[in-house]
Amino acid sequence: MSAQAQATALRDQDAPWTPEDAAELYRVDSWGAAYYHVNEQGHAAVWPHGTDELSIDIAEVVADLRARGVPFPVLIRFQDVLQARVRRINRAFATAIEEAEYDNVYRGVYPIKVNQLHEVVEEVLEAGQPFSMGLECGSKPELIAALPHMDDDSALLICNGVKDATMLRLILAAQRLGKPVIPVLEKYTEFVEFMRLAAELAVVPRFGVRVRLTTAGSGRWRESGGDRSKFGLSIPEIIKLVEVLEARGHPESLELLHFHLGSQIADIQILKQAVKEITQVYAQLRRRGVPVTHLDVGGGLGVNYDVGYSSDEPGISYSLQEYANAVVYSVQEVCEQQDVPQPALVSESGRALVAHHSVLIVEVLGAYTKDRITEDFVPAEEDHATVQRMYETWKWVRQNGGDAPTPAQLTEAYHDVWEGRNEADTLFALGYLELEQKALAERLYWSVCHAVLDSLNALQDEEAPAELVELEEQLVDHYLCDFSVFQSILDHWAIGQGFPIMPIDRLDEQPTRRALLVDLTCDSDGKVSHYVSANDDKRFMPVHALREGEPYDLGFFLMGAYQDIMGDAHNLFGRVAEAHVYADAEEPGNYYIEKIIPATSIRDMLASVQYFPNDLQRRMNHLIRQKVEAGVIRPKAGTELLEQYMRCFDDSTYFDTRAK
Ligand SMILES: *Cc1c(COP(=O)(O)O)cnc(C)c1O
């Protein structure tokens, strides 16, 4: 069955298309969580608080931004979604702790590497304040950014990553201030250095260690744990470290044990196993008299970008509550068995906190289809014999004496026209075919391909011959999108991660085209190569035909984790504009736009690669003056040209659909 037939096979063919059909097609239920949905108007919409009491129409927000002249693409941050996620995670742990009667607290930290943007960090801290939510940093710049935000003395600042003496000294200084800034030592040598610096300052240091567990994660990030991991202290190293602390009379310096299984933990059983393993280490240390107070289970709480996209990406099969339960109950079980006090629990969920809150809005600039002949085409007598034959095939596929052709006949027609085109190419290469005739042959080829595919789709329930699957790929429309894969969805290119993409409007209309989304970069990898949809064939996205003079906007969802920060300046496409949107039931449409952050200007992008306006202006002026002196253009035209050039520096780096 062809892809288009598959798309529609799920539903009753005669029933009118509804917004629910669109939600099913784009699998909104699998990734939208409690936040994204399709409303009755057929628009993408968000429930900012994660409950269906209040809804914001995304198409309305986009129309509003367009009316204000914001350049596209634009990233919309739904700050309430971010806050709702923070509360949800903290409440999940609170519920687990209450139900298990766990004898200690949960203190989550947000690893800022997932999205360091200042407002994101501030929103997380604000929403996390009632829960004493802290931060995690993994590098020196992240520590410098995070430290001044630690107002609450009961919120932790966990410092992972490789730490130099500057960083370790700063951490010790913060501890002297009374801040719970806990370095997690990753190497034995780091411990030696940290102890040396603490002795210099005559303070008793506080720290944690990353434990190299036997349990390894699974999936792409599995090497974050296990024997081969580049991180963590082995058990013999931990014993050695504890002996040093005991000899100095300060075993309480070791406050925290940490592990991190890697991002997107797919299997909750592996998490439980790792938690139990580290709790055994904890329990043994407690029994030995080392009063460790915190267990840190790292990040990796998964986000469903798409359930079951393919066999190597099984999706996340557990809920947030199950995750919290797994941690709480596993630690409790081992502690009870070993008869030791229950430690405070720390987790470092990043992706699960921030992924949902942002949506990238991308305009489709145009649809590119293969050039076909017109319906009323009739070859002229002098047209080449090859062209005549291809025309006969075309006529046959379309009419066939009124009978529906069989798949075998359609395959044969496709083979015929393929041969015709090959023949035309060969004749042309040898100089026996004119350019116009070659053009006709190509257009006839695409026309037959389309007709074959249409007939095949009309058959619906038949198995598609292999060649015709290949045909679909050749015939798909290219939708040129105003964005850069490398700036906005780097992980799609780098590690093949899928992101849900859906038109934000016209969802009450059946999509009739299938498209490959391609970006603005001059890179053949600048495209989206698989899509989240209910179709079996994920290589193409079901889309609507474009309408003249009407924008067609696609929403790229779950963009908040990693993509915001890892973007790359390929072709000098810079950061996109941002709109910060807050829910407000008193406002029309239930929202207001709190802030608009402009896109990176051409001036700033150029400066990052050491081109500066003064120098460029001088050079441009020189070029123009030479031509003025040579009489090629008038001086006035020269001045205008220079002004025209200089005005471009303040533009955004993307295609400007507003420019006329
Ligand atoms: C990256 C990282 C995290 C965040 O992982 P998520 O999968 O985004 O939750 C947490 N802890 C450490 C040590 C990390 O390196």
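Counting starts at 1 for both ligands and their atoms, in listed order.
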SB check Glu243 Lys240 (cutoff 4.0 Å):
no
Are Asp564 and Arg77 ion-paired here, with the side-chain N under 4.0 Å from a carboxylate O?
yes
Number the atoms of ligand 1 from 1 as they appear, then name those within less than 4.0 Å of a heavy atom of [X], with their elements.
| X | result |
| --- | --- |
| Gly350 | 6 (P), 8 (O), 9 (O) |
| Arg351 | 6 (P), 8 (O), 9 (O) |
| Gly300 | 5 (O), 6 (P), 7 (O), 9 (O) |
| Val114 | 8 (O) |
| Gly299 | 5 (O), 9 (O), 10 (C), 11 (N) |
| Asn160 | 13 (C) |
| Ser349 | 9 (O) |

Among side-chain atoms of [X] and [Y], is any donor-acceptor pair under 3.5 angstrom?
| X | Y | result |
| --- | --- | --- |
| Ser488 | Gln563 | no |
| Tyr106 | Ser347 | yes |
| Thr521 | Ser484 | no |
| His580 | Glu119 | yes |
| Gln487 | Asp568 | no |

Once you measure the plane-to-plane angle for Tyr35 and His356, does it fall in the parallel (<30°), tilted (30-60°) or perpendicular (>60°) bin?
tilted
What residue and heavy atom of the protein are closest to atom 5 (O) of ligand 1, and at what distance?
Tyr562 OH, 3.5 Å
Among all protein non-hydrogen atoms, which one is nearest to atom 1 (C) of ligand 1, and what is the separation to 0.1 Å?
Lys113 NZ, 1.3 Å
Using a 4.0 Å heavy-atom cut-off, say whether Ser263 meets ligand 1 through its side chain, its backbone, both or neither.
both
Does Glu348 approach ligand 1 within less than 4.0 angstrom via side chain, backbone, both or neither, non-hydrogen atoms only?
both
Would you say Ala352 contacts ligand 1, with heavy atoms under 4.0 Å as the rule?
no
